[in-house]
Amino acid sequence: MSTTPAATALLVWLTPSMFALFLYGIGQGLVKQYIGEVSPARFCLYFVLAKAMVNLSWFFTHDHPPLLSADGRPFLELGALAYVIDGTGWILYFESIIAGPITIVGTLSAAYPALTVLFARIFLGEQLGATQYTAVALVIGGCLGLSYSPPDATARILSRRWIPLAFLALTCWATSNTIVKHAYSFAEASEVNLMVCNTLGGILSLGLYGFLKGRQGAHSAREYLHSFVPMGMMAGGDLGVMIASRYGPISIVIPLTGAYPVVTLAFAALILKERISMLQYGCIGAIIIGMVFCT
């Protein structure tokens, strides 16, 4: 049975979105499993390496416009800027975790899709139907619920600087997503060339942070394995988002791919043997309903 043009157009961006959702979820689950063995700065260092391997492998094996053509220069400049901002958001996030309560910082970080939807409406003129906005709200609300954990009374808060750091991280991620979608409107825009921008932006932000803070100390084969595998999955998830962002509405792509806590929770329950609470079951239900109706 043949598919309609509308269904084909949907699959073009929905398929890489679901691919990203799965890889992000498993990657975060593995980070959760090994975070006690590897510092955040080391994860950043390995993330950049994984980005370079995944992105450049795709770049050299797929057709694309000339990378350094004059017509494509504005697209490349915006793309590189977007991923420097994205990497800066991750740095701010890690610094906010060091300074503040992870329970609150983690919940706040899950709100970046909401800010992306707002920015897309204001700066890109992207509008969804009322049902889609309701569905997106269900997805975002469910993700916030899954990201919440009860405050740790024994946690030590070093300073209040985590508050602006956490909000700046949110703003950076939403800004990056909005710039990427805008960049696709320029001449010779290509998701394949954007992967070079993703690599370059990662090197200039996360790579520098990881090198300065994560190079000290001994490295081991076990650490490489426990870092590179999840970071490779995260890099593969980024690849899926870059493709989906070109063909789909950013107001839906980002909330969908940001729903990876559902996959991470399943990983934690099956592999780490963690118990799922009634609140988490309710959040999963809200996310699944939202995912169905937002597409």
Side-chain angles (χ1 to χ4, degrees), residues 7 9-29 32 86 89 93 103-124 126-149 166-167 169-178 180-181 233-234 237-238 240-269 276-295:
L10 175 65
L11 289 174
V12 165
W13 63 265
L14 185 59
T15 301
S17 294
M18 293 299 98
F19 175 78
L21 173 72
F22 176 78
L23 288 182
Y24 280 156
I26 300 298
Q28 287 286 358
K32 182 181 178 71
D86 176 75
Y93 171 72
T103 53
I104 300 177
V105 174
T107 305
L108 280 176
S109 70
Y112 77 92
L115 201 55
T116 301
V117 173
L118 178 63
F119 284 1
R121 179 69 181 265
I122 295 173
F123 300 110
L124 303 178
E126 193 171 277
Q127 297 189 30
L128 306 178
T131 301
Q132 289 176 308
Y133 275 123
T134 302
V136 167
L138 280 174
V139 172
I140 295 171
C143 290
L144 287 170
L146 288 182
S147 300
Y148 171 78
S149 59
F167 278 102
L170 284 185
T171 305
C172 283
W173 289 331
T175 301
S176 173
N177 294 327
T178 307
V180 165
K181 186 62 179 179
M233 290 186 172
M234 298 292 287
D238 281 355
V241 171
M242 283 184 276
I243 297 172
S245 296
R246 178 176 185 180
Y247 300 103
I250 202 72
S251 300
I252 295 179
V253 169
I254 297 304
L256 277 184
T257 56
Y260 63 81
V262 172
V263 179
T264 303
L265 189 65
F267 177 91
I276 300 178
S277 68
M278 291 304 296
L279 171 63
Q280 290 171 324
Y281 276 120
C283 292
I284 291 171
I287 291 171
I288 292 174
I289 293 171
M291 289 173 71
V292 171
F293 283 98
C294 74
T295 55

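Small disclaimer: the values here were computed from a predicted structure and weren't measured.
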Please report the closest heavy-atom contact between S251 and A120, naming both atoms and the distance.
-> OG-CB, 3.4 Å
So do the side chains of I254 and V241 get within less than 4.5 Å of each other, counting heavy atoms only?
-> yes
If you take all heavy atoms of T15 and L11, which pair is closest and at what distance?
-> OG1-O, 2.9 Å
For L128 and P249, which heavy atoms make the closest approach, and how far apart are they?
-> CD2-CB, 4.4 Å
Check whether any side-chain heavy atom of L23 sits under 4.5 Å from a side-chain heavy atom of M234, and report yes or no.
-> no
For T257, which residues count as a side chain to side chain donor-acceptor pair (under 3.5 Å) partner, sequence neighbours excluded?
-> none
Beyond-backbone contact of L256 with M18, side-chain heavy atoms, under 4.5 angstrom = yes
Taken in chain and number order and not counting sequence neighbours, the residues that satisfy ring-ring contact (aromatic ring centres under 6.0 Å, His included) with F19 are none
Derivation and outcome, side chain to side chain contact (heavy atoms under 4.5 Å, CB included), residues W173 and D86 | CA-CA 5 Å; W173 289 331; D86 176 75; 3.4 Å; yes
Among all residues two or more places apart in sequence or in another chain, which pass the ring-ring contact (aromatic ring centres under 6.0 Å, His included) test with Y133?
-> none
In terms of heavy-atom contacts, V136 and C294 come closest through CG2-CB, 4.2 Å
Please check if the side chain of T134 supplies one atom and the backbone of A130 the other of a donor-acceptor pair under 3.5 Å.
-> yes
Given V263 and Y24, is the side chain to side chain contact (heavy atoms under 4.5 Å, CB included) satisfied, shown in steps?
-> CA-CA 8 Å; V263 179; Y24 280 156; over 6 Å; no
From I288 atom CD1 to F293 atom CZ, the distance as rounded to the nearest 0.5 Å | 12.5 Å
V139 and M291, any side-chain heavy atoms less than 4.5 Å apart | yes
Do N177 and Y112 have side-chain atoms, one donor and one acceptor, less than 3.5 Å apart?
-> no
Find the distance between CD1 (I243) and CG (D238) and round it off to the nearest 0.5 Å.
-> 11.5 Å
Drop me the distance from I250's CD1 to T116's OG1, to the nearest 0.5 angstrom.
-> 7.0 Å
Is a side-chain donor-acceptor pair under 3.5 Å present for Q28 with T264?
-> no
Does some side-chain heavy atom of K181 sit less than 4.5 Å from a side-chain heavy atom of T178?
-> no
Quick one: closest heavy-atom pair of A259 and C143, and the distance?
-> CA-SG, 3.4 Å
Decide yes or no for E126 and R121: does some side-chain heavy atom of the first lie under 4.5 Å from some side-chain heavy atom of the second?
-> no
Step-by-step side chain to side chain contact (heavy atoms under 4.5 Å, CB included) determination, F119 to L124 = CA-CA 7 Å; F119 284 1; L124 303 178; over 6 Å; no
Do I287 and L138 pass the side chain to side chain contact (heavy atoms under 4.5 Å, CB included) test, and can you show the C-alpha distance, the side-chain angles, and the key distance before you say yes or no?
-> CA-CA 6 Å; I287 291 171; L138 280 174; over 6 Å; no
Distance-minimising heavy-atom pair for C172 and G89 | CB-CA, 3.6 Å
